[in-house]
Amino acid sequence: MKKPVRVAVTGAAGQIGYALLFRIASGEMLGKDQPVILQLLELPIDKAQAALKGVIMELEDCAFPLLAGVVGTDNAEVAFKDADIALLVGARPRGPGMERKDLLLENAKIFTAQGAALNKVASRDVKVLVVGNPANTNAYIAMKSAPDLNPRNFTAMLRLDHNRALSQLATKADVAVGDIEGLIVWGNHSPTMYPDYRFATANGVNLKDKVNDADWNANTFIPQVGKRGAAIIEARGLSSAASAANAAIDHIRDWVLGSNGKWVTMGVPSDGSYGIPEGVIFGFAVTTQNGEYTLVKDIEVDDFSQKAIDKTLAELEEERSGVAHLLA
Ligand code: NAI
């Protein structure tokens with residue numbers, strides 16, 4: 001039997017947590033031969049802790065053979081102790097009348113503290129995925145608050161956007177979603193993101209050529225992927241939780257077990273490629289192998305793409321400058 005992997009999840013009693021934990025415990029994230037210990041963090045308020053207790057009772061009742069232990073806590077240093085993987089899902093939602101700036105600052109406090117706790121107690125190889133919004137900037141804050149950890153350990157989730165783009169492109173191009181390779185979502189996890197299908201193929205056929213519809217790209221595909229989250233809230237009355245949890249599992253599974261040469265989108269600290277300033281957490285195409293990701297370099301950027309990349313970068317730079325004083 002393999003040694004259990006310690007997986008910390010914050011916001012564990014929330015919507016995404018509820019869609020995520022059971023799949024992790026059943027082996028869908030790390031493999032059907034990999035035991036896991038879940039280390040679950042919730043807010044130190046009675047309602048959240050009671051809900052977390054209920055979720056843990058249900059985890060017990062599933063009798064998952066791979067679940068080697070569960071810890072529930074309101075203390076980040078307990079949740080992150082020796083964590084190999086940390087899924088930072090819990091975040092402050094936008095309240096009525098709350099400005100975007102206030103949302104950023106409220107979340108900055110959470111991710112400063114959680115970054116510091118990871119720095120202190122997590123495994124030195126911890127793989128961190130920030131799901132809680134604003135995900136890219138929260139990941140940046142956590143990374144900056146953990147000076148003893150490798151910045152490459154910190155990532156933000158753009159995989160839901162990637163999967164949304166895959167599905168829409170598959171329908172438009174009339175190909176199987178699993179056959180698509182070479183898709184990218186550049187930038188921020190926000191409506192400014194740029195889903196880029198110029199190099200996407202299915203069984204060797206270029207899908208941009210097959211679709212051959214620039215108007216669809218500019219006026220349907222890109223805005224629809226960007227605004228899909230809002231469309232789901234409108235339809236369901238609740239935000240996307242199952243698909244977000246699914247994307248988190250895809251992100252970590254590929255990071256740990258490899259993407260078999262496929263491009264996948266991860267929000268990772270820029271190394272200066274494509275003119276994105278070093279350290280900005282930006283959606284890039286990566287391939288993954290042996291627990292490491294590698295940025296796909298030398299993708300041609302045409303004028304249309306450059307404008308889209310500049311727009312999403314400008315938004316990220318604005319978010320970054322809004323929290324800079326907290327990281328000094
Ligand atoms: P939710 O409100 O149902 O659950 C969030 C949970 O986090 C709550 O149980 C809350 O008590 C807990 N929490 C809040 N602050 C915490 C803290 N400091 N420490 C520990 N726990 C804390 O929200 P849901 O639907 O699960 O979404 C979670 C986050 O994920 C939101 O920020 C949402 O915007 C984001 N999201 C990101 C996506 C992405 O693609 N990156 C996609 C969908 C959602």
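Numbering of ligands and ligand atoms starts at 1, following listing order. It should be emphasised that the depicted structure is a prediction, and the values quoted were computed from it without experimental measurement. Note: hydrogens, waters and symmetry copies are ignored here, and every other heavy atom, side chains too, is used.
Ranking the protein heavy atoms by distance from atom 33 (C) of ligand 1 puts N133 ND2, 3.7 Å first. If you check which protein heavy atom lies closest to atom 7 (O) of ligand 1, you get G11 CA, 3.1 Å. Remark: minimum distance from atom 5 (C) of ligand 1 to any protein heavy atom is reached at G14 CA, 4.2 Å. Ranking protein heavy atoms by distance to atom 22 (C) of ligand 1, first place goes to L43 CG, 3.7 Å. Protein heavy atom nearest atom 28 (C) of ligand 1, with residue, atom name and distance: V89 O, 3.3 Å. Of the protein's non-hydrogen atoms, the one nearest atom 3 (O) of ligand 1 is Q15 N, 2.9 Å. The protein atom (non-hydrogen) at minimum distance from atom 14 (C) of ligand 1 is A91 O, 3.6 Å. Nearest to atom 9 (O) of ligand 1 among the protein's heavy atoms is E42 OE2, 2.6 Å.
Ionic pairing of R198 and D302 is present here: one or more N-O contacts between side-chain nitrogen and carboxylate oxygen are shorter than 4.0 angstrom. A salt bridge does not link D254 to K262: none of the charged side-chain nitrogens sits closer than 4.0 Å to a carboxylate oxygen. Using a 4.0 Å cut-off between charged side-chain N and carboxylate O, K307 and D310 make no salt bridge. A salt bridge does not link K120 to D148: none of the charged side-chain nitrogens sits closer than 4.0 Å to a carboxylate oxygen. Classification of K127 and D84 as a salt-bridged pair fails, no side-chain N sitting under 4.0 Å from a carboxylate O.
If you look at I16 next to ligand 1, the close heavy atoms, those under 4.0 Å, come from the backbone and the side chain alike. The backbone and the side chain of V131 each have at least one atom closer than 4.0 Å to an atom of ligand 1 (non-hydrogen atoms only). At a 4.0 Å heavy-atom cut-off, ligand 1 touches H189 through the side chain alone.
Linking Ile, Leu, Val, Met, Phe, Trp and Tyr whenever their side-chain heavy atoms come within less than 4.5 Å leaves F111 and M98 in two separate clusters.
Note on ligand 1: S239 sits in its first shell, one or more heavy atoms being nearer than 4.0 Å. Ligand 1 lies out of reach of R92, whose nearest heavy atom is not under 4.0 Å from it. Note on ligand 1: S240 sits in its first shell, one or more heavy atoms being nearer than 4.0 Å. At least one heavy atom of Q114 sits less than 4.0 Å from an atom of ligand 1.
Of the protein's heavy atoms, at least one falls inside 4.0 Å of atom 19 (N) of ligand 1. Distance remark: protein heavy atom present below 4.0 angstrom from atom 26 (O) of ligand 1.
Close approach of ligand 1 to A244 is summarised as follows: ligand atoms under 4.0 Å from at least one heavy atom of the residue are 42 (C), 43 (C). The atoms of ligand 1 that sit less than 4.0 Å from any heavy atom of G90 are 7 (O), 13 (N), 22 (C). The ligand atoms of ligand 1 that sit less than 4.0 angstrom from a heavy atom of L160 are 40 (O), 42 (C). The I110 neighbourhood of ligand 1 comprises atoms 18 (N), with distances under 4.0 Å to a heavy atom of that residue.
Taking both residues in full, the closest heavy atoms of A135 and A156 are given as O-CB, 3.7 Å, listed atom of the first, atom of the second, then distance. For the pair A242 and A19, the tightest heavy-atom approach, listed with the atom from each and the gap, is CA-CB, 3.9 Å. Closest approach of A48 and L43 over heavy atoms only: CB-O, 3.7 Å.
Around CZ of F22, the count of heavy atoms belonging to other residues, nucleotides or ligands within 6.0 Å exceeds 12. For NZ of K210, the number of neighbouring non-hydrogen atoms (other residues, nucleotides, ligands) closer than 6.0 Å is greater than 12.
Considering V78, V71, V7, L59 in turn, L59 is the only one that fulfils the side-chain contact (heavy atoms from CB on, under 4.5 Å) rule with L40.
The side chain to side chain contact (heavy atoms under 4.5 Å, CB included) check on I276 picks up S270, Y274, V280, F282, F284, I309, L313, with sequence neighbours excluded.
Taking NE2 of H162 as the reference point, atom NE2 of H189 lies at 15.0 Å (rounded to 0.5 Å).
Taking only nitrogen or oxygen atoms, main chain and side chain alike, D161 does not reach within less than 3.5 Å of ligand 1. For the pair T10 and ligand 1, the shortest N or O to N or O distance does not fall below 3.5 Å.
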